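Let me begin by presenting the structure, written as C-alpha cells, before commenting on it.
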Amino acid sequence: MEKINTIIDLSGNWIFEEDFYFGKDFGFAEWKQNENVISGIVEFTECINERESFKVRLQIEGEVEGVHVFFSAKSYSIIESKEPVEYCLDSWEGIVNKHGQIVGSSYDEDGICGVFTMTRK
C-alpha cells in the first residue's frame with residue numbers, strides 16, 4: 001500500500017501555553033500556512049519568577065513536516081512592560097498529537113528550555 005503524504009494545515013488561531021525553568025507564558029498564536037511553510041505571530045504574557053510580567057509579540061517562521069512542526073522567532077516587540085526588557089528569541093519543535101494539539105519543547109538564545117502546548121481556538 002502506498003503511503004499518502006498529507007500536509008496538516010495549521011493556519012488559524014491557537015491558544016499558547018509554555019512552562020520553563022523560570023516561569024510560564026500564556027497567550028495566543030495566529031498562523032498562515034502555504035504548503036509546508038508557516039508564518040505569523042505568537043503573542044503572550046511572560047511571567048518570570050520574582051519579576052514583573054510583560055507582554056511580547058514574536059514574528060515567527062517555520063515549517064511542517066508530516067506531524068512535526070518547527071518554528072522560530074525572527075523578531076520581537078514588547079507590547080507591555082513596567083520595566084525595560086531584553087528578550088531572547090525562541091525556537092520550538094513539536095508534534096501534532098491525535099487530539100490536534102501541538103506539543104513540544106522550546107529553547108531560546110540563552111539556552112533556556114521549556115515545554116509548550118498549542119490548542120486550536
Side-chain angles (χ1 to χ4, degrees):
M1 177 180 266
E2 185 177 324
K3 184 178 177 183
I4 298 172
N5 188 8
T6 306
I7 296 175
I8 297 171
D9 185 7
L10 301 178
S11 297
N13 299 313
W14 297 81
I15 298 168
F16 173 79
E17 296 179 8
E18 183 175 24
D19 290 322
F20 56 98
Y21 184 73
F22 298 107
K24 294 181 181 258
D25 296 336
F26 57 93
F28 67 93
E30 294 176 355
W31 286 359
K32 293 181 183 175
Q33 185 171 338
N34 183 5
E35 295 186 11
N36 70 325
V37 176
I38 55 175
S39 62
I41 64 164
V42 178
E43 184 176 307
F44 54 86
T45 300
E46 183 154 297
C47 301
I48 299 175
N49 302 340
E50 312 291 324
R51 290 186 51 198
E52 289 285 334
S53 62
F54 62 91
K55 194 175 217 179
V56 62
R57 175 180 290 150
L58 305 173
Q59 296 293 324
I60 66 102
E61 293 178 359
E63 60 185 41
V64 180
E65 296 176 3
V67 296
H68 298 276
V69 182
F70 307 91
F71 58 104
S72 58
K74 299 303 179 188
S75 65
Y76 75 92
S77 55
I78 302 300
I79 298 171
E80 185 180 308
S81 179
K82 294 181 181 177
E83 55 190 45
V85 173
E86 273 191 48
Y87 190 82
C88 294
L89 296 178
D90 301 280
S91 294
W92 297 266
E93 297 179 12
I95 61 164
V96 180
N97 68 19
K98 69 179 185 177
H99 303 291
Q101 297 172 304
I102 303 169
V103 296
S105 59
S106 66
Y107 56 94
D108 70 17
E109 294 171 332
D110 277 346
I112 304 298
C113 298
V115 176
F116 75 94
T117 304
M118 296 178 78
T119 306
R120 281 199 190 267
K121 281 188 172 183

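Residues take their numbers from the sequence shown, with the count starting at 1. What's counted below: heavy atoms across the whole structure, side chains too, no hydrogens, waters or symmetry copies. Just so it is clear, the model here is predicted, and its values are computed rather than measured.
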Minimal non-hydrogen separation, Ser81 against Val85, with atom names: OG-CG2, 3.2 Å
For a quick test of your reading: what N or O donor-acceptor pairs under 3.5 Å do the side chains of residues 57-74 make, sequence neighbours left out?
| from | atom 1 | to | atom 2 | distance (Å) |
| --- | --- | --- | --- | --- |
| Arg57 | NE | Glu43 | OE1 | 2.7 |
| Arg57 | NH2 | Glu43 | OE1 | 2.5 |
| Ser72 | OG | Lys74 | NZ | 3.3 |

Please check if [X] and [Y] belong to a single hydrophobic cluster, counting links between Ile, Leu, Val, Met, Phe, Trp and Tyr side chain heavy atoms closer than 4.5 Å.
{"X": "Ile112", "Y": "Val56", "value": "yes"}
{"X": "Leu89", "Y": "Phe44", "value": "yes"}
{"X": "Tyr87", "Y": "Ile48", "value": "yes"}

Residue pairs passing the salt bridge (charged side-chain N to carboxylate O under 4.0 Å, His left out) test where at least one lies in residues 89-116, sequence neighbours excluded: none
Pairs where residues 77-89 contributes a residue and the test salt bridge (charged side-chain N to carboxylate O under 4.0 Å, His left out) is met, not counting sequence neighbours: Arg51-Glu83, Glu52-Lys82
From Trp31 atom CH2 to Ser39 atom OG, the distance as rounded to the nearest 0.5 Å: 10.5 Å
For residues 114-121, tabulate all N or O donor-acceptor pairs below 3.5 Å that involve a side-chain atom, not counting sequence neighbours.
| from | atom 1 | to | atom 2 | distance (Å) |
| --- | --- | --- | --- | --- |
| Thr119 | OG1 | Gln101 | NE2 | 3.4 |
| Arg120 | NH1 | Ser11 | O | 2.8 |
| Arg120 | NH2 | Asp9 | O | 2.5 |

Apart from Ile41 itself, residues in the same hydrophobic cluster as defined by side-chain heavy atoms under 4.5 Å: Phe28
Less than 3.5 Å apart, which donor and acceptor atoms pair up between the side chains of residues 12-27 and the rest of the protein, not counting sequence neighbours?
| from | atom 1 | to | atom 2 | distance (Å) |
| --- | --- | --- | --- | --- |
| Trp14 | NE1 | Leu10 | O | 3.0 |
| Glu18 | OE2 | Ser106 | OG | 2.2 |
| Asp19 | OD1 | Lys24 | NZ | 2.9 |

